[in-house]
Each structure stands twice: as C-alpha cells, then as structure tokens.
Asker: 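Structure below; questions to follow.
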Amino acid sequence: MLENNTENKFKNFIYEIINEDLKTNKFDGRVHTRFPPEPNGYLHIGHAKSIYLNYGIARDFNGKFNLRFDDTNPEKEEQEYVDSIVEDVKWLGGDFEDRIFFASDYFDKMFEYAVELIKKGKAYVCDLNADEIRMTRGTLTEPGKESPFRSRTIEENLDLFYRMKNGEFSNGSKTLRAKIDMSSPNFNMRDPIMYRIVHEAHHRQGNKWCIYPTYDWAHGLEDSIEGITHSICTLEFENHRPLYDWFLDNLEIYHPQQIEFARLNLSYTVMSKRKLLQLVKENYVDGWDDPRMPTISGYRRRGYTPEAIRNFAEIIGVAKRDALTDISLLEFAIRDNLNKKAQRVMGVLRPLKIILLNYEGLEDLDAINNPEDLTAGSRKVKFTKELYIEKTDFMENPIKGFHRLIPGGEVRLRYAYIIKCEEIVKDENGEIVELRCSYDPETKSGSGTSTKKVKGTIHWVSANYFVDAEVRLYDRLFNVENPGAVENWLETINPDSLQIIRNAKIESILNEARKGDRFQFERNGYFCVDSKFTSDDKLVFNRTVTLKDSWSAKNK
RNA sequence: UGCCGGGUCGUCUAAUGGUAGGACAGCGGCCUUUGGAGCCGUAUGUAGAGGUUCGAAUCCUCUCUCGGCAGCCA
C-alpha cells in the first residue's frame with residue numbers, strides 16, 4: 001500500500017474521499033478503479049478525462065485499474081467499437097494490464113443474484129408493457145401506482161423469471177422489477193426494471209440470452225464482482241446512487257462507493273455519442289476518426305499526442321460543477337507539447353515564385369531542427385535562384401505594421417539571405433505571379449558579416465528542390481460556442497471547417513516522412529502526415545493546430 | 001417549486017475558519033533570423049441578503065440562479 005503523499009491529498013475532491021477511506025481502512029487499504037465504456041461508439045476526449053482520472057487514481061495510490069465493457073444492450077453494441085476502445089485506451093496510456101473485462105461475462109452470476117432477490121421477496125415479474133409502466137410511474141409531483149403484479153408469490157415469480165430466460169415470452173411482454181417504493185420522490189426507486197426481454201444476438205454471447213440486465217441492476221454488480229473500491233461516474237448518475245446502494249445492500253454483497261464528477265464539455269464541439277454517431281452516419285464528417293471530431297481517433301489522426309491530452313486533463317481538473325471548457329485550453333496543451341518535440345521544417349502553403357536576379361548556383365544551408373531542443377541537430381536546405389515564398393508574406397500595398405516583403409523593401413529568408421523586392425510581375429488579370437528580387441551576399445545566415453537589420457523573417461522553399469503535398473487545414477466544426485445546447489445543432493456546423501490546399505511546396509526532406517509523423521511548418525503551425533489519405537505518390541498533411549499568432553490576432 | 005446536485009477572475013480550477021492563488025485567454029513591455037518560443041509586468045472573481053465568529057469563499061438561515069431526473073438507454 002502506498003504512502004499518502006501530500007501532493008495527492010488535495011488534487012481534487014475524489015482524492016480527498018480516497019484519502020479519508022484509506023485513513024479509516026474502509027476498503028482494507030485497497031484502491032481499485034475502472035473505466036466502464038459501453039461499446040456503442042468511439043471514445044471521445046470526455047472519456048479521456050475519465051480514463052486519466054480513474055487510471056491516475058490507481059497509479060497514484062498504488063492501486064489497480066480495470067477496463068470493463070458495459071455491454072448489456074445488444075441492440076446498440078458492436079465488436080468494432082470494442083476494438084477501437086481497446087486501441088484508444090492503450091494509446092492514451094491507460095494501463096489495465098491483463099484486466100479487460102466484459103459485463104456480459106457476468107450474466108450468469110447476475111441471473112443468480114436476481115433469483116436471490118426474488119427469493120427474498122424483493123423483486124417480481126411484471127406483465128405491464130412499456131406504456132403501462134410509464135403511465136403508472138407517476139410524475140414529478142405525484143407518486144406512482146403499484147403494479148397489479150407486485151404481489152405475486154415468490155414461487156410464481158421464480159417460475160415466470162426462468163421462463164423469461166428460456167425465451168417463452170416476446171420482447172417487452174414482461175420485465176423483472178425490484179420491489180422498492182412507488183411513492184419515492186426519486187424515480188429510480190419506483191420499482192425499477194432489472195431485466196427486459198430482448199430477442200437479439202449479443203456481440204459476444206450470441207443467442208445465449210434473451211433477457212438483458214438494465215444499467216442500474218448490472219453496474220453495481222459489475223463493480224462488486226471486480227472488487228472495485230471507488231466507482232467513479234458522471235453527475236447524471238447521482239440520482240441513481242440510492243438504487244446502486246439498494247441493490248448491493250439487499251443482496252448483502254461487497255459494496256463499492258459510487259462517486260460522481262462533472263463530465264467534460266468543450267466549447268465549439270459536441271460530445272454526445274448520439275450526435276457524434278449522427279455526424280458519422282450522415283456523412284457530415286469522414287468517419288469517427290475525422291480530424292475534426294473530438295474522438296480520440298480523430299485527435300490521433302489530427303496529430304495530437306497522448307501527453308498533450310493527459311496534460312489537458314490535468315489542467316482542467318475534476319470537480320462537481322457543470323462546466324464548458326474553452327477549447328483554447330486543449331490547444332495550449334498540444335502546442336506546448338509539440339513545441340518541445342516537433343521537428344521544424346519550411347513549408348509554403350500558397351506559393352509565390354521569387355527570382356533572385358543576382359544569384360546563380362546552389363548552396364546547402366544549415367537549418368536548425370528544433371530551437372527548443374538543440375540535441376535534435378540541424379539539416380541542410382537547398383538554396384537556389386528560384387524560390388517559393390508564402391503569398392501572404394508579400395503585400396503590394398502594405399497595411400500599417402506589416403513586417404514582411406513589400407515593393408522595394410527587404411526581408412530575411414530564414415537561414416539564408418536578406419532579399420529586396422525589385423519588381424512585381426503580373427499576369428493579364430493583374431494577379432501577381434512572380435517577384436523579381438535581389439539578394440545581399442553579405443547577409444548570409446550565420447556568417448556574422450551582416451550588420452543589416454530587417455524586421456521580418458519569412459520561410460521559403462527552393463523551386464528546384466521541394467516535395468508537393470496536400471495540406472488540410474481544419475477549423476472548429478461548429479460556429480457556436482455550445483452547439484450541444486442548440487436545438488438545430490446541425491445548422492451550426494461550420495461550412496469552412498475543412499480547407500484543402502493541393503499544391504503546397506514542402507522541404508524535400510519530407511519525402512521521407514511517414515504516416516503519423518509530426519512537424520512544425522515554421523510560422524504556420526503543427527502538421528501531421530495523414531494516415532488515411534497519404535499514399536506512395538501523395539503526401540497529405542493535417543494541420544494539428546496553428547502557431548499562436550499575435551499578428552493576425554491583432555488584425556482581426 | 002417533487003427530489004438530487006451545483007454557483008470563486010472571460011474560461012477551467014485552488015483554498016479544508018486565518019493574505020482569495022494558479023493555468024488558459026486578454027492587455028502592456030522585453031527579447032527574437034519563426035509576428036513562434038521564452039521572459040517580465042498587469043487587470044478582472046467568492047450570486048444576493050442576513051447571522052455565528054476576533055476572523056467566513058468556507059459554518060447557519062433565507063432568497064436568487066443553473067443543471068439532472070418521469071427509457072424495458074447508459
């Protein structure tokens with residue numbers, strides 16, 4: 001067992017509870033958490049918060065952490081989701097060792113427990129259909145009415161329950177209900193349903209079962225069976241806790257502690273699995289792993305790192321109050337992480353040809369791979385007479401404060417020379433197609449021979465040595481801060497959330513880039529080689545996040 | 001208006017009856033061969049009213065306000 005260090009003690013209110021439990025020896029000094037996803041969709045960043053919370057607790061208290069699939073509803077669950085969830089939890093670093101479990105593996109045990117509750121006179125088979133149950137449940141201010149089947153004998157209930165299990169009854173015709181209190185102010189206690197009849201194959205159990213346990217009945221049993229100490233869930237289950245406790249107490253079995261915390265909401269994104277599924281199914285995005293999706297697979301494809309997501313989880317903390325977390329916190333986390341580890345490279349997204357009138361030949365110039373990490377070394381970049389620079393780095397009629405290239409003005413080419421714009425070449429439409437410049441041989445980067453100072457430094461790529469790439473620029477998927485709260489949320493989708501640039505010119509060193517590799521395109525942002533659309537003859541980059549840009553921010 | 005749970009800078013979060021602090025975002029400046037990074041500085045907050053106390057974000061009372069709950073979903 002671990003020493004309580006003060007660092008852990010007040011990390012959040014859940015740590016406080018655990019420290020108290022450790023002090024009173026409530027669970028014999030054990031700490032055992034779990035992450036219990038339902039395999040009915042892909043994991044999103046809200047799940048990452050929960051994974052890091054649960055896994056982090058296990059790690060900090062020398063406890064254990066289980067991955068458990070809460071697969072109690074065959075109508076919504078699929079193996080594909082199980083596979084993606086396992087991959088995502090591992091990628092995030094949630095280490096469940098060999099403890100991967102399935103609620104469906106406990107179905108036999110749950111059935112026995114149900115029989116036990118019937119024998120105690122605390123559960124009964126009810127013949128009311130769904131409508132009738134709803135109508136007799138009462139309202140917010142009125143108590144419900146007791147089911148006419150509530151007083152069946154134990155023998156009759158047992159007989160009926162076994163026959164339910166054996167498939168004698170049709171979907172929805174009968175349920176097993178807990179006999180609690182139809183007048184409870186808490187709806188969850190008004191004789192909640194424990195089993196429903198669903199004649200449907202289960203993704204792991206096949207046709208073994210035609211009755212399936214409900215969440216309320218199953219979840220506490222799953223926790224109890226696994227010896228979980230702290231069963232951490234989100235706020236909407238707070239009203240379910242009395243029922244969680246009731247089942248375990250009346251069964252007189254091992255009783256974990258349910259604790260609720262506020263789920264993550266992120267600005268400009270939707271988090272509900274139902275809505276994410278709809279975006280996928282109706283092709284608003286290009287799959288669960290579309291880089292605009294808040295899914296783990298989406299962030300992975302976009303270029304996010306597990307460390308950044310974990311740091312984000314640390315930054316936002318854990319509390320009980322509903323929150324709408326600003327997306328800038330997440331963006332900070334990934335910038336901060338990539339700044340320290342991403343190789344720098346020059347990439348011109350919107351090329352503008354430059355011809356150096358007084359330059360001939362070819363030079364290999366030194367470029368630093370990462371100014372934040374000099375051990376990353378340097379590389380050679382080809383410098384030639386004809387180059388590409390960023391279209392937006394030239395202004396024929398510059399606005400105030402513009403530090404880059406202007407007619408007759410000078411600017412430094414990163415790692416190279418200072419150049420001066422001598423002449424603008426336009427096509428018949430008046431579009432600028434080329435700039436003719438001179439270079440100053442005294443200003444070679446690193447030579448120490450230059451006394452000249454210029455305000456701007458821009459990136460460039462040789463027009464003779466480069467690699468063509470497609471670059472995908474992403475913006476927020478929604479135009480409103482809290483799309484989940486908008487009724488017509490689909491109408492708030494940002495039509496410009498994806499911009500595809502087909503002929504970006506990138507340093508030729510990126511010929512060797514492989515799927516998933518991350519780079520900083522200097523002055524542009526962080527980019528990741530797309531794992532889906534990149535092929536042998538086509539390089540595709542996803543923009544993970546822009547660099548912080550105080551210039552364009554100022555000019556908004 | 002039945003029950004449950006919340007309300008601290010713009011946002012997220014800390015305080016455990018004893019100086020309301022941090023991060024992000026913002027603003028100002030320094031520095032800079034990335035308008036990046038870094039560094040320095042700065043403003044902004046305890047929902048309200050009473051009460052207890054030497055002392056209250058914290059305890060009590062009332063009010064206001066936000067969220068959740070009437071699936072055989074989780």
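Proteins come first, then strands; the chains are lettered A, B, ... in the order of their sequence lines, and each starts at number 1.
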Asker: My understanding is that a pair needs two contacts under 3.5 Å, Watson-Crick or G-U wobble. By that rule, which nucleotide pairs with B:C69?
Answerer: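 Its partner is B:G2 (Watson-Crick or G-U wobble, both distances under 3.5 Å).
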Asker: What nucleotide among B:G36, B:G35, B:U13 has an atom nearest to a side-chain atom of A:A319?
Answerer: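 In terms of side-chain proximity for A:A319, the closest of B:G36, B:G35, B:U13 is B:U13.
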Asker: Rounding to an integer number of angstrom, what distance separates B:G6 and B:A15 when you compare their P atoms?
Answerer: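 About 15 Å, rounded to a whole number of Å.
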Asker: Please give the nucleotide sitting opposite B:U16 as a Watson-Crick or G-U wobble pair, both distances under 3.5 Å, or none.
Answerer: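 Result: none.
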Asker: Going through the checks in order, is the salt bridge (charged side-chain N to carboxylate O under 4.0 Å, His left out) test met by A:D393 and A:R404?
Answerer: CA-CA 6 Å; A:D393 283 336; A:R404 287 107 86 176; 3.0 Å; yes
Asker: Here's a test of your reading of the structure: between A:F13 and A:R412, which maps to the more 5' nucleotide of RNA chain B?
Answerer: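 Taking each residue's closest nucleotide, the earlier one in sequence belongs to A:F13.
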Asker: Categorize A:Y195 for me: base, sugar-phosphate, or nothing, with a 4.0 angstrom heavy-atom threshold over every strand shown.
Answerer: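 Nothing, no nucleic acid heavy atom in range.
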Asker: Expressed in whole Å, how much space separates the P atoms belonging to B:U44 and B:U32?
Answerer: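 32 Å, rounded to whole Å.
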Asker: Name the nucleic acid region contacted by A:L324, choosing base, sugar-phosphate or nothing; use a 4.0 angstrom heavy-atom cut-off, strictly under.
Answerer: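 If one applies the 4.0 Å heavy-atom cut-off, A:L324 turns out to touch the sugar-phosphate alone, with no base involved.
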Asker: Can you tell me how far P of B:U13 sits from OH of A:Y15, to the nearest Å?
Answerer: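 Rounded to the whole Å, the gap is 16 Å.
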Asker: Counting only side-chain N and O atoms of A:S550, is one of them less than 4.0 Å from OP1 or OP2 of B:G36?
Answerer: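 The answer is yes; a side-chain N or O of A:S550 sits under 4.0 Å from OP1 or OP2.
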Asker: Rounding to a whole Å, what distance do you find between A:N188:CG and B:G2:C1'?
Answerer: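 It is 14 Å, rounded to the nearest whole Å.
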Asker: Taking any heavy-atom pair under 4.0 Å as a contact, classify A:N129: base, sugar-phosphate, or nothing.
Answerer: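 If one applies the 4.0 Å heavy-atom cut-off, A:N129 turns out to touch a base.
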Asker: Atom CG of A:D131 to atom P of B:C72: distance rounded to whole Å?
Answerer: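 Distance check: A:D131 CG to B:C72 P gives 11 Å.
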Asker: How would you label the contact of A:T175 with the nucleic acid (heavy atoms, under 4.0 Å): base, sugar-phosphate, or nothing?
Answerer: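 Counting heavy atoms under 4.0 Å across all strands, the contact made by A:T175 includes a base.
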Asker: So, OP1 or OP2 of B:G35: does either fall under 4.0 Å of a side-chain N or O from A:R523?
Answerer: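 For B:G35, OP1/OP2 do have a side-chain N/O of A:R523 under 4.0 Å.
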Asker: For A:Y215 and B:A74, do the ring centres fall under 5.5 Å apart while the planes stay under 30° apart?
Answerer: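 Answer is no, no stack.
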Asker: Using purine N1 to pyrimidine N3 plus N6-O4 or O6-N4 for Watson-Crick, or N1-O2 and O6-N3 for G-U wobble, each under 3.5 Å, what pairs with B:U61?
Answerer: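 Partner of B:U61: B:A49.
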Asker: What contact category does A:G446 fall into here, base, sugar-phosphate, or nothing, at under 4.0 angstrom with non-hydrogen atoms?
Answerer: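 Result for A:G446 = base.
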Asker: Mind checking the P distance from B:G2 to B:G45? Whole angstroms is fine.
Answerer: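 37 Å, rounded to whole Å.
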Asker: By a 5.5 angstrom centroid cut-off and a 30 degree plane limit, is there stacking between A:H403 and B:G35?
Answerer: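 Yes; by the centre-distance and plane-angle rule, A:H403 counts as stacking on B:G35.
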Asker: For B:C73 and A:T72 - does any side-chain N or O of the residue sit under 4.0 Å from the phosphate oxygens OP1/OP2?
Answerer: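 For A:T72, the contact criterion (side-chain N or O under 4.0 Å from OP1 or OP2 of B:C73) is not met.
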Asker: Using only heavy-atom distances, decide whether a donor-acceptor pair under 3.5 angstrom links the side-chain of A:S445 to the base of B:U33.
Answerer: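 Such a pair exists between side chain and base.
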Asker: Let me see the working for A:D440 and A:K452 under salt bridge (charged side-chain N to carboxylate O under 4.0 Å, His left out), right down to the final yes or no.
Answerer: CA-CA 10 Å; A:D440 181 346; A:K452 200 177 270 183; 2.7 Å; yes
Asker: Figure out the CZ/C1' separation between A:R476 and B:A25, and round it to whole Å.
Answerer: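 Interatomic distance, CZ of A:R476 to C1' of B:A25: 12 Å.
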Asker: Between B:G36 and A:E372, counting only base atoms on the nucleotide and side-chain atoms on the residue, is there a donor-acceptor pair under 3.5 Å?
Answerer: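 Such a pair is found, so the answer is yes.
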Asker: Expressed in whole Å, how much space separates the P atoms belonging to B:A23 and B:C64?
Answerer: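 Result for the P pair: 38 Å, nearest Å.
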Asker: Base, sugar-phosphate, or nothing for A:S328, non-hydrogen atoms under 4.0 angstrom?
Answerer: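 The residue A:S328 makes sugar-phosphate contact but no base contact.
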Asker: Look at all strands and tell whether A:A130 reaches a base, only sugar-phosphate, or nothing, counting heavy atoms closer than 4.0 Å.
Answerer: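 The answer is base, as A:A130 lies within the cut-off (heavy atoms under 4.0 Å) of a base atom.
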Asker: What does A:E331 touch in the nucleic acid at a heavy-atom separation under 4.0 angstrom: a base, only the sugar-phosphate, or nothing?
Answerer: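 Answer is nothing: A:E331 stays at 4.0 Å or more from every strand.
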Asker: Looking for any heavy atom pair under 4.0 Å, which part of the strands does A:H219 touch: base, sugar-phosphate only, or nothing?
Answerer: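 No contact.
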Asker: Take the protein atom CG of A:L405 and the nucleotide atom P of B:U34, then report the distance between them rounded to whole Å.
Answerer: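 Going from CG in A:L405 over to P in B:U34 covers 17 Å.
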Asker: With the 90 degree cut-off around zero defining syn, does B:G71 come out syn or anti?
Answerer: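 Classified syn.
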Asker: For A:K444, answer base if it contacts any base atom (sugar-phosphate contacts may also be present), sugar-phosphate if it contacts only those atoms, and nothing otherwise; contact means non-hydrogen atoms under 4.0 Å.
Answerer: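 Base, at least one base heavy atom under 4.0 Å.
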Asker: Over all strands shown, is A:V198 touching base, sugar-phosphate only, or nothing at heavy-atom distances under 4.0 angstrom?
Answerer: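 Touches nothing.
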Asker: With under 30° as parallel and over 60° as perpendicular, where do the rings of A:Y42 and A:W288 fit, or are they tilted in between?
Answerer: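 It falls in the parallel class, under 30°.
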Asker: Quick check on RNA chain B: between A:R241 and A:L140, whose nearest nucleotide comes earlier from the 5' end?
Answerer: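 Closer to the 5' end of RNA chain B: A:L140.
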Asker: Can you tell me if the side-chain N/O atoms of A:R196 get under 4.0 Å from OP1 or OP2 in B:A74?
Answerer: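 Looking at the OP1 and OP2 atoms of B:A74, one of them is under 4.0 Å from a side-chain N or O of A:R196.
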Asker: Within the 4.0 Å heavy-atom criterion, would you say A:R137 contacts the bases, only the backbone, or no part of the nucleic acid?
Answerer: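 Sugar-phosphate only.
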Asker: Should A:R321 be listed as having a side-chain N or O under 4.0 Å from OP1 or OP2 of B:U13?
Answerer: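 The answer is yes; a side-chain N or O of A:R321 sits under 4.0 Å from OP1 or OP2.
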Asker: Within the structure provided, determine whether A:L266 and A:F312 are in side-chain contact (heavy-atom separation under 4.5 Å).
Answerer: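 A:L266 vs A:F312: side chains touch.
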Asker: Check whether A:F111 forms a cation-pi arrangement with A:K165 (NZ or CZ under 6.0 Å from the six-membered ring centre, at most 45° off the ring normal).
Answerer: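 Judged by the rule (NZ or CZ under 6.0 Å from the ring centre, within 45° of its axis), A:K165 counts as positioned above A:F111.
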Asker: Expressed as a whole number of Å, how far does the P atom of B:A20 sit from that of B:U58?
Answerer: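 Approximately 13 Å lies between the P atom of B:A20 and that of B:U58.
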Asker: Fit a plane to each ring of A:F383 and A:Y359, take the angle between them on a 0 to 90° scale, and name the class: parallel (under 30°), tilted (30 to 60°) or perpendicular (over 60°).
Answerer: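 Taking A:Y359 first and then A:F383, their aromatic rings stand perpendicular (interplane angle over 60°).
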Asker: Expressed in whole Å, how much space separates the P atoms belonging to B:U8 and B:A47?
Answerer: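 6 Å, rounded to whole Å.
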Asker: May I ask you to verify whether the side chain of A:R404 and the base of B:G35 hold a donor-acceptor pair under 3.5 Å?
Answerer: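 It does, because a donor-acceptor pair links the side chain of A:R404 to the base of B:G35 below 3.5 Å.
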Asker: Return the value, rounded to whole Å, for the distance between atom CD1 of A:I418 and atom P of B:U34.
Answerer: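 Interatomic distance, CD1 of A:I418 to P of B:U34: 12 Å.
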Asker: Without decimals, in angstroms, what is the distance between A:D322 CG and B:U65 P?
Answerer: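 Spelled out: CG on A:D322 to P on B:U65 is 18 Å.
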Asker: How many Å lie between OH on A:Y415 and C1' on B:U32, as a whole number?
Answerer: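 After rounding, the reported distance stands at 12 Å.
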Asker: Determine the contact category for A:G401: base if any of its heavy atoms lies under 4.0 Å from a base atom, sugar-phosphate if only primed atoms, P, OP1 or OP2 are that close, otherwise nothing.
Answerer: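 Contact class for A:G401: base.
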Asker: Using the ring of each side chain (for Trp, its six-membered ring), is A:Y106 parallel, tilted or perpendicular to A:F101, with breaks at 30° and 60°?
Answerer: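 Ring orientation of A:Y106 relative to A:F101: tilted.
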Asker: Ring centres of A:Y195 and A:F161 under 6.0 Å apart?
Answerer: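 Yes, they do, as the ring centres are separated by less than 6.0 Å.
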Asker: Taking all heavy atoms of A:G220 and all of A:Y244, pick out the closest pair and write down the distance.
Answerer: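 It is CA-CE1, 3.4 Å.
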Asker: Mind checking if A:F312 touches a base, just sugar-phosphate, or nothing, with heavy atoms under 4.0 Å?
Answerer: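 Since no nucleic acid heavy atom lies under 4.0 Å of A:F312, the category is nothing.
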